[in-house]
S.K.: 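Pasting a structure below so you can have a look.
Everything numeric here is computed off the predicted structure, so don't read it as measured data. Heavy atoms only: backbone and side chains are in, while hydrogens, waters and symmetry mates are out.
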Amino acid sequence: MSQKIYKNVPIVEAACEVVFDQSSQINADYADQIYELIKNRYPEKKVVTNYLPLIETSSHGIEKRVTPHEKIQFYNENDSKHIRISQNVLSISQLAPYTSWNEFLENINNSIDTYRSVVQPESILRVTLKYVNKIDFSKAMNEEGSIQFESYFNIYPHLGEALPQQVNSFFLNLEFPIDDNSLAIHFTDLGVHILFELKFNNGKDDVNFDNLMDWLNLAHDHIENVFEGSITDKTRKLMSEEE
């Protein structure tokens with residue numbers, strides 16, 4: 001399927017996360033070394049702390065607690081391009097305005113090369129390519145303030161005749177196997193906007209440093225095809241498709 005060009009690009013975030021093997025010896029100052037290599041393009045940096053749930057079993061029973069997980073984030077001056085690093089994980093993201101896949105792929109490739117030059121991981125464990133789309137449906141609302149989903153999407157919540165037909169909000173989560181990979185769809189209502197997220201994971205597919213760029217191109221093609229297959233011409237018109 002050829003790439004569609006829209007005047008109102010719905011992409012609010014494109015992200016690629018790579019998880020490397022844990023055999024590499026990471027120096028305490030690895031973040032500073034990476035920053036020195038990218039500071040011309042990513043002059044800003046900060047520490048981002050996420051709190052992850054941890055469940056442990058002991059003689060006293062099951063204990064639940066949260067542990068802090070720090071990531072170093074580098075970003076450009078207008079806060080549209082981010083690189084996040086933590087032990088064995090590299091994440092590259094492009095926020096709106098999104099320009100093109102070729103530009104984003106080049107950014108991914110350069111970031112991975114920089115990370116490898118400092119950390120020197122031996123292999124890749126997992127790769128995820130994600131696109132988050134936010135589509136404005138304010139002009140498509142009916143008199144009741146809702147959207148006729150079947151006219152705009154080929155994926156939507158089905159309601160039987162015995163059920164109320166008015167929906168205030170919804171969340172759909174689907175996952176499809178694609179060869180040895182998987183593609184997940186998260187589809188949710190945000191009032192006058194629809195948030196449509198597509199995430200492609202390598203699963204059992206072997207991804208290494210030699211075939212990573214080919215795999216990412218394949219992942220992007222699948223994401224693009226599924227997105228286009230999920231919407232109708234009415235949605236394309238809302239996004240002002242260009243010839």
Side-chain angles (χ1 to χ4, degrees), residues 1-19 80-84 89-112 124-137 149 152-157 170-190 193-242:
M1 181 180 295
S2 60
Q3 183 177 7
K4 302 288 185 179
I5 305 297
Y6 298 101
K7 291 180 180 178
N8 302 313
V9 179
I11 299 169
V12 293
E13 181 185 13
C16 176
E17 181 179 270
V18 184
V19 180
S80 63
K81 295 181 179 180
H82 296 175
I83 295 178
R84 287 187 179 183
V89 180
L90 170 66
S91 177
I92 307 100
S93 60
Q94 170 69 60
L95 305 181
Y98 178 85
T99 52
S100 71
W101 166 241
N102 287 337
E103 181 178 323
F104 184 44
L105 182 63
E106 182 179 4
N107 189 22
I108 295 172
N109 191 28
N110 292 337
S111 302
I112 291 174
I124 295 171
L125 298 182
R126 187 175 71 251
V127 188
T128 301
L129 183 65
K130 179 181 73 173
Y131 275 79
V132 181
N133 299 275
K134 188 177 181 181
I135 307 175
D136 185 356
F137 279 87
F149 293 106
Y152 293 91
F153 291 96
N154 295 318
I155 172 175
Y156 51 86
F170 69 88
F171 176 78
L172 290 179
N173 189 7
L174 302 171
E175 185 171 329
F176 306 95
I178 299 179
D179 298 327
D180 289 328
N181 306 287
S182 66
L183 191 151
I185 293 177
H186 306 289
F187 187 50
T188 188
D189 169 37
L190 297 176
H193 295 91
I194 296 294
L195 198 67
F196 196 74
E197 177 182 311
L198 300 102
K199 184 185 296 184
F200 198 84
N201 297 288
N202 65 307
K204 297 180 181 179
D205 198 6
D206 179 31
V207 181
N208 54 59
F209 294 115
D210 292 330
N211 67 11
L212 176 57
M213 292 300 110
D214 289 338
W215 185 92
L216 286 170
N217 276 311
L218 176 68
H220 176 263
D221 287 346
H222 281 300
I223 287 175
E224 187 174 79
N225 288 343
V226 170
F227 175 78
E228 289 296 331
S230 300
I231 62 176
T232 69
D233 287 338
K234 279 193 172 184
T235 300
R236 295 185 181 94
K237 185 177 180 179
L238 280 178
M239 296 187 295
S240 302
E241 181 178 348
E242 296 180 339

S.K.: Which atom names give the shortest non-hydrogen contact between Tyr98 and Ile11, and what distance separates them?
M.R.: CD2-CD1, 3.5 Å
S.K.: Out of Leu198, Leu195, Val12, Val9, which one pairs with Asn133 under the side-chain contact (heavy atoms from CB on, under 4.5 Å) rule?
M.R.: Leu198
S.K.: Which pair of non-hydrogen atoms, one from Val127 and one from Val207, has the smallest distance, and what is that distance?
M.R.: CG2-CG1, 3.9 Å
S.K.: CD1/Ile194 to OH/Tyr152 distance, rounded to the nearest 0.5 angstrom?
M.R.: 11.5 Å
S.K.: If you compare all heavy atoms of Met239 against all heavy atoms of Tyr6, which two are closest, and at what distance to 0.1 Å?
M.R.: O-CB, 3.5 Å
S.K.: State which residues pass ring pair (Phe, Tyr, Trp, His ring centres under 6.0 Å) with Phe104; sequence neighbours excluded, sorted by chain then number.
M.R.: none
S.K.: Atom CD1 of Ile112 and atom CD1 of Ile92: how far apart are they, to the nearest 0.5 Å?
M.R.: 5.0 Å
S.K.: Check this for me, if you would: do Arg236 and Glu228 make a salt bridge, where the nitrogen-to-carboxylate-oxygen distance has to be below 4.0 angstrom?
M.R.: yes
S.K.: Using every non-hydrogen atom in the two residues, find where Leu90 and Ser111 come nearest and quote the distance to one decimal.
M.R.: CD2-O, 3.8 Å
S.K.: Would you call Pro10 and Phe196 a side-chain contact if the rule is heavy atoms closer than 4.5 Å?
M.R.: no
S.K.: Could you grab the distance from atom CG of Asn109 to atom CG of Leu216, nearest 0.5 Å is fine?
M.R.: 9.0 Å
S.K.: Distance check, rounded to the nearest 0.5 Å: Ile108 atom CD1 versus Leu212 atom CG?
M.R.: 8.0 Å
S.K.: How would you list, by chain and number, every residue that makes a salt bridge (Lys or Arg N to Asp or Glu O under 4.0 Å) with Glu103, sequence neighbours excluded?
M.R.: Lys81
S.K.: I'd like to know whether Glu17 forms a salt bridge (Lys or Arg N to Asp or Glu O under 4.0 Å) with Arg84, so could you lay out the CA-CA distance, the side-chain angles of the two residues, the decisive distance to 0.1 Å, and finally the verdict.
M.R.: CA-CA 9 Å; Glu17 181 179 270; Arg84 287 187 179 183; over 6 Å; no
S.K.: I'd like to know if the side chain of Asp205 and the backbone of Asp180 have a donor-acceptor N/O pair within less than 3.5 Å.
M.R.: no
S.K.: Please report the closest heavy-atom contact between Tyr156 and Phe187, naming both atoms and the distance.
M.R.: CA-CE2, 4.1 Å
S.K.: To the nearest 0.5 Å, what is the distance between CG on Leu190 and CG on Asp136?
M.R.: 11.5 Å
S.K.: If I compare all heavy atoms of Gln94 with all of Ser80, which pair ends up nearest, and what's the gap?
M.R.: NE2-O, 3.4 Å
S.K.: List the steps and the verdict of side chain to side chain contact (heavy atoms under 4.5 Å, CB included) for Leu238 and Asn8.
M.R.: CA-CA 8 Å; Leu238 280 178; Asn8 302 313; over 6 Å; no
S.K.: Might you confirm whether atom CD of Glu106 has over 12 heavy atoms from other residues, nucleotides or ligands at distances under 6.0 Å?
M.R.: no
S.K.: Listed by chain and number, what are the side-chain contact (heavy atoms from CB on, under 4.5 Å) partners of Ile178, not counting sequence neighbours?
M.R.: Leu183, Phe200, His222
S.K.: Output the distance between atom NZ (Lys134) and atom CD (Glu197), rounded to the nearest 0.5 Å.
M.R.: 13.5 Å
S.K.: May I ask you to decide if the ring planes of Tyr131 and Trp101 are parallel, tilted or perpendicular, using 30° and 60° as cut-offs?
M.R.: tilted
S.K.: Do the side chain of Asn211 and the main chain of Asn208 share a donor and acceptor less than 3.5 angstrom apart?
M.R.: yes
